[in-house]
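Here the structure comes first, spelled out in structure tokens, and everything after it is commentary.
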Protein chains: 2
Amino acid sequence: MSQLDEQDLTRDRILQAALESFAERGFKATTVRDICSQAGVNVASVNYYFRSKESLYKEALVYSFKEVDRKYPPAVLASELLPPEDRLRLFIRTLLLRLMDNGQLGLHAKLMAREIAEPTAALDYVVETVMRPRFEMLRTLLPDFVGDGWDAADIDRFILSLIGQCLIYRHARPMVERLCPETMSSPDAINRTAEVIFEFSLAALGQLGTGIGQRT
Amino acid sequence: MSQLDEQDLTRDRILQAALESFAERGFKATTVRDICSQAGVNVASVNYYFRSKESLYKEALVYSFKEVDRKYPPAVLASELLPPEDRLRLFIRTLLLRLMDNGQLGLHAKLMAREIAEPTAALDYVVETVMRPRFEMLRTLLPDFVGDGWDAADIDRFILSLIGQCLIYRHARPMVERLCPETMSSPDAINRTAEVIFEFSLAALGQLGTGIGQRT
DNA sequence: ATGCGGATTAAACAACTGTTTAAATGATGC
DNA sequence: GCATCATTTAAACAGTTGTTTAATCCGCAT
């Protein structure tokens with residue numbers, strides 16, 4: 001599918017520029033000419049290396065995932081041996097820090113936020129390969145906190161409550177910055193936010209757990 | 001600013017069509033011709049009644065708010081007399097139901113989700129007039145649960161945790177539908193979700209409150 | 001009827017979109 | 001040196017965009 005493995009320098013530059021533009025402005029608002037001028041290549045290069053703007057978008061998406069895996073290799077899986085509380089703290093902290101990253105990781109988070117809010121065909125792939133495994137991990141983890149008496153749907157709701165507390169800082173960032181900038185004004189503030197989300201969640205799960213299982 | 005108050009039928013039809021298109025597809029992806037054909041009016045009408053696509057967007061945004069206020073008049077303010085727990089439950093339930101509405105309310109929610117994730121100049125107006133008052137209300141409400149010993153920034157983090165649990169069902173709806181559709185598959189499921197979010201939050205706040213105030 | 005003014009229309013406008021073309025470039029093996 | 005090939009380039013393409021124009025329509029007071 002790709003030509004000789006000489007340099008592919010042009011291709012990579014397009015990919016990186018595309019990632020930045022798509023993450024920052026979205027698919028529709030990003031023009032092929034923007035990408036190419038930012039990458040310093042000719043307009044026709046996009047259709048030469050990738051066959052269309054849309055397929056470039058898809059490749060930028062998987063490229064984005066590769067970059068993340070390169071920096072956070074196994075990460076979550078390594079926590080299998082830790083006690084439940086530490087696993088929960090690690091999950092929340094990792095998720096929030098990724099979402100708040102200002103570098104390449106942040107581009108990935110922005111791109112994913114767009115994909116989640118307004119999915120293309122690529123979302124199904126992302127959900128199945130990346131998100132569902134982590135979701136399943138939480139499904140096995142949460143009964144350690146709240147007990148086994150809960151409806152499966154309620155367990156899922158708890159999981160969404162955990163994730164939702166983190167996602168808001170990315171998906172509603174402009175709102176957060178206006179209403180309470182102190183919560184994300186510095187790395188320390190973000191660390192504190194992660195800790196508060198963890199404590200909030202732990203308190204909730206622990207308290208709900210003492211009820212030995214409510215029902216639907 | 002508006003002409004004679006005869007019918008303004010055309011203007012209203014454009015406004016409604018614009019709201020639907022902007023909510024469904026976003027500002028950039030929506031074309032003036034789409035709006036006009038959906039409204040059954042001439043293309044030039046947009047520039048005649050509103051002077052540009054962008055100012056039509058702004059008017060559609062305030063129109064959207066008017067529609068919401070028409071259906072949920074004072075709502076939140078009426079709860080001043082209720083006990084804190086009921087106020088919290090009412091807030092969460094109202095927020096989630098608005099976010100999940102499938103009618104006009106839902107269009108408003110979609111539009112707001114777009115505006116929050118990718119703000120235009122209109123967001124500042126929306127934040128100050130609509131969101132900040134509700135945020136302040138929560139700022140006064142939360143100490144009833146967790147006590148007064150908390151850092152102001154931590155109180156704000158609690159508030160974001162509350163809101164985040166609700167927002168995820170709108171902002172990450174495509175993801176939720178793929179990972180755990182049961183949490184929002186029916187009105188009953190959504191009601192249950194609201195209840196779980198409330199219980200989750202109440203448990204968290206109550207538990208954190210027993211610590212008589214942690215610190216930063 | 002007549003003329004006035006807002007409302008509506010079809011048509012055109014210029015700018016921009018993604019994509020294609022065909023020629024030029026440049027390295028590589030012979 | 002020459003032919004071959006992928007690569008790069010400027011230019012053009014056809015379609016769409018928001019907006020403007022100028023003509024037409026229509027209700028209504030005169």
Side-chain angles (χ1 to χ4, degrees), chain A residues 1-63 111 114-115 118 120-122, chain B residues 1-63 111 114-115 118 120-122:
Chain A
M1 49 197 55
S2 83
Q3 66 289 17
L4 285 179
D5 43 29
E6 28 180 16
Q7 289 246 35
D8 272 339
L9 207 150
T10 305
R11 195 176 198 276
D12 288 346
R13 291 242 298 283
I14 294 176
L15 222 36
Q16 177 64 26
L19 171 57
E20 292 170 14
S21 282
F22 285 142
E24 220 65 59
R25 284 176 286 282
F27 178 79
K28 184 83 189 200
T30 295
T31 74
V32 175
R33 283 171 176 81
D34 282 347
I35 296 174
C36 290
S37 82
Q38 190 183 338
V41 305
N42 190 273
V43 222
S45 304
V46 159
N47 298 83
Y48 179 76
Y49 282 102
F50 316 85
R51 48 176 193 69
S52 68
K53 179 192 179 185
E54 191 170 339
S55 97
L56 166 60
Y57 174 80
K58 290 176 190 168
E59 292 232 35
L61 208 66
V62 324
Y63 164 74
L111 199 57
R114 290 188 183 280
E115 187 66 30
E118 204 159 1
T120 69
Chain B
M1 50 193 57
S2 81
Q3 65 291 17
L4 284 179
D5 42 29
E6 29 181 17
Q7 289 247 35
D8 273 336
L9 208 151
T10 305
R11 194 175 199 274
D12 288 345
R13 290 242 298 282
I14 293 177
L15 223 36
Q16 177 63 27
L19 171 57
E20 292 170 15
S21 283
F22 285 142
E24 220 65 60
R25 284 176 287 281
F27 178 79
K28 184 82 189 196
T30 294
T31 74
V32 174
R33 282 170 177 81
D34 282 346
I35 295 174
C36 290
S37 82
Q38 189 183 339
V41 305
N42 189 273
V43 223
S45 305
V46 159
N47 299 83
Y48 179 76
Y49 283 101
F50 317 85
R51 47 176 194 68
S52 68
K53 179 190 178 186
E54 192 170 337
S55 97
L56 167 60
Y57 174 80
K58 290 177 190 168
E59 293 232 34
L61 207 67
V62 324
Y63 166 73
L111 199 57
R114 289 188 183 281
E115 187 66 30
E118 202 160 4
T120 70

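Just so it is clear, the structure is predicted and the values come from calculations on it, not from any experiment.
Within residues 22-39 of chain A, the residues having any heavy atom closer than 4.0 Å to DNA chain C are, in order of number, Thr30(A), Thr31(A), Val32(A), Arg33(A).
The shortest heavy-atom contact between Ile35(A) and Ile14(A) is CG2-O, 3.9 Å. Of all heavy-atom pairs between Ser55(A) and Ser52(A), the closest is N-OG, 3.2 Å. Of all the heavy atoms in Lys28(A) and Lys28(B), the pair that sits closest is CG-CG, 3.8 Å. Between Val43(B) and Val32(B), the shortest heavy-atom distance links the atoms O-CG1, 4.1 Å.
Here the P atom of nucleotide dG18(C) and the OH atom of Tyr57(A) are 15 Å apart, to the nearest Å. When rounded to the nearest whole Å, the span between CZ of Phe50(B) and C1' of dG18(D) equals 15 Å.
Between the side chain of Arg114(B) and the backbone N or O of Ala23(B), at least one donor-acceptor pair lies under 3.5 Å. Checked by atom type and distance alone, the side chain of Arg13(A) pairs as donor or acceptor with a backbone atom of Ala39(A) at under 3.5 Å.
By the ring pair (Phe, Tyr, Trp, His ring centres under 6.0 Å) test, Tyr57(A) pairs with Phe22(A), Phe27(A), sequence neighbours left out.
Under 4.0 angstrom from either OP1 or OP2 of dT8(D) there lies at least one side-chain N or O belonging to Thr10(A).
Atom CG of residue Leu15(A) and atom OG1 of residue Thr10(A) lie 12.0 Å apart, to the nearest 0.5 angstrom.
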Can you give one letter per nucleotide of nucleotides 20-28 of chain C, going 5' to 3': B for a protein heavy atom under 4.0 Å from the base, S for sugar-phosphate only, - for none?
BB-------
